[in-house]
Enquirer: 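Quick one: structure below, then a few questions.
Index from 1, following the sequence. What you see is a predicted model; the values in this text were computed from it and never measured.
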Amino acid sequence: MSEITRDSEPRRLAADARDRVRFEEEALDLSDQVYRVARRLVSTREEAEDLMQEAYARAFRSWRSYTPGTNLRAWLLRILTNLNIDRARRRQRAPSEQPLEEGDYFLYNKLEQASRDHNVDEERVLERRSQDDVVSALAAVPYDFRDAIVLVDVGDFAYADAAQVLDIPIGTVMSRLHRVRRILKGELAGRVGEE
């Protein structure tokens, strides 16, 4: 009996190692899609990279809780969405970190500093501006609703898959999408009118 135990332990460890490597390879193959969704959930590239890194770290730590054969992309994006919600809650509870005197000019100072630091060609400025308009418009949308539109319109999820990721009924996904699209249309139309 002890020979069976000695032989089965290395085999189990080897099988476990193969499963983990397979999981990591499949998860990393989805990194572009995960980053695209992360980029739409947060306002900066740095935040998106941090959010994605946190999501992958959590996924790799708890890889055994993933059920092989199920939708890995949905599982990863659920982790990403939960982390984003947690970050937003922490940010809401945290006190403001900038002095009140500087607060009124914070964005102006940042833009002025960025224009001094970087010589950017016109195409990149226009591309970034349009992306920033979309990201800013998304910032006006409540988190619960933002998650739905990011998953469906950016992540190319079907309504049923988005409902599974968000753990809500499919009708709620459709309702949120309708409301978010209406909000975004108003926000983006307002921005065009300001130019």
Side-chain angles (χ1 to χ4, degrees), residues 30-55 58 70-98 103-108 110-111 114 120 122-195:
L30 297 170
S31 63
D32 288 342
Q33 295 175 31
V34 173
Y35 178 75
R36 251 191 8 231
V37 172
R39 182 65 181 105
R40 296 300 180 237
L41 289 174
V42 296
S43 57
T44 66
R45 287 189 172 119
E46 292 80 16
E47 284 181 309
E49 290 168 359
D50 289 346
L51 184 61
M52 183 177 156
Q53 184 176 0
E54 272 184 72
R58 184 169 290 178
T70 60
N71 191 343
L72 179 59
R73 182 175 75 145
W75 189 77
L76 287 170
L77 292 180
R78 183 67 189 157
I79 292 171
L80 185 81
T81 303
N82 287 341
L83 285 170
N84 187 50
I85 291 168
D86 292 345
R87 286 175 141 212
R89 288 178 183 156
R90 277 194 306 270
R91 200 173 292 134
Q92 284 176 344
R93 288 189 298 248
S96 177
E97 295 178 3
Q98 60 189 6
D104 293 340
Y105 301 101
F106 179 75
L107 288 176
Y108 176 79
K110 282 290 187 185
L111 288 172
V120 182
E122 187 175 334
E123 284 182 34
R124 290 187 70 194
V125 170
L126 291 174
E127 178 185 329
R128 182 169 180 158
R129 183 164 182 229
S130 66
Q131 287 178 354
D132 288 347
D133 286 345
V134 171
V135 170
S136 297
L138 275 172
V141 175
Y143 285 104
D144 294 343
F145 294 90
R146 187 182 316 163
D147 293 342
I149 198 157
V150 167
L151 288 174
V152 172
D153 289 350
V154 177
D156 296 327
F157 273 73
Y159 290 172
D161 292 338
Q164 179 186 2
V165 169
L166 297 173
D167 198 25
I168 57 176
I170 193 169
T172 304
V173 170
M174 294 188 300
S175 171
R176 287 181 181 180
L177 286 172
H178 175 73
R179 290 178 66 188
V180 168
R181 288 174 179 151
R182 206 170 58 211
I183 291 169
L184 287 176
K185 184 178 178 182
E187 284 288 323
L188 292 171
R191 291 176 198 285
V192 170
E194 292 172 2
E195 293 175 3

Enquirer: Listed by chain and number, what are the side-chain contact (heavy atoms from CB on, under 4.5 Å) partners of Ala163, not counting sequence neighbours?
Expert: Ile170, Val173
Enquirer: Can you tell me how far the CG atom of Asn84 sits from the CG atom of Asp147, to the nearest 0.5 Å?
Expert: 6.5 Å
Enquirer: Is a side-chain donor or acceptor of Arg146 paired with a backbone partner of Val141 at a separation under 3.5 angstrom?
Expert: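 Looks like yes, one N/O pair under 3.5 Å.
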Enquirer: With rounding to the nearest 0.5 Å, note down the distance linking CG in Leu51 to CD1 in Ile79.
Expert: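 Answer for the CG-CD1 pair, Leu51 versus Ile79, is 11.0 Å.
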Enquirer: Could you tell me if the side chain of Phe157 sits less than 4.5 Å from the side chain of Arg73, heavy atoms only?
Expert: yes
Enquirer: Tell me every residue that passes side-chain contact (heavy atoms from CB on, under 4.5 Å) with Glu54, counting only those two or more places apart in sequence or in another chain.
Expert: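 Glu54 satisfies side-chain contact (heavy atoms from CB on, under 4.5 Å) with Leu83, Arg87 only.
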Enquirer: Could you tell me which residues satisfy side-chain contact (heavy atoms from CB on, under 4.5 Å) with Arg181, sequence neighbours excluded, listed by chain and number?
Expert: Ile149, Val152, Asp153, Tyr159, Leu177
Enquirer: I'd like to check the salt bridge (Lys or Arg N to Asp or Glu O under 4.0 Å) partners of Glu47; sequence neighbours left out, ordered by chain and number.
Expert: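 Only Arg91 meet the salt bridge (Lys or Arg N to Asp or Glu O under 4.0 Å) criterion with Glu47.
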Enquirer: Do Arg89 and Asp86 make a side-chain contact, defined as non-hydrogen atoms from C-beta onward lying under 4.5 Å apart?
Expert: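 Yes, side chains in contact.
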Enquirer: Suppose we screen for side-chain contact (heavy atoms from CB on, under 4.5 Å). Which residues come up paired with Asp156, at least two apart in sequence or across chains?
Expert: Arg36
Enquirer: Would you indicate whether Gln53, at its atom CD, is surrounded by more than 12 heavy atoms from other residues, nucleotides or ligands within a distance under 6.0 Å?
Expert: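 Not buried by this count: 12 neighbours or fewer within 6.0 Å.
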Enquirer: What residue pairs, at least two apart or across chains, pass side chain to side chain donor-acceptor pair (under 3.5 Å) with a residue in residues 166-176?
Expert: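 Qualifying pairs, neighbours excluded: none.
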Enquirer: What distance do Gln164 atom CD and Leu77 atom CG have between them, rounded to the nearest 0.5 Å?
Expert: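 It is 11.0 Å, given to the nearest 0.5 Å.
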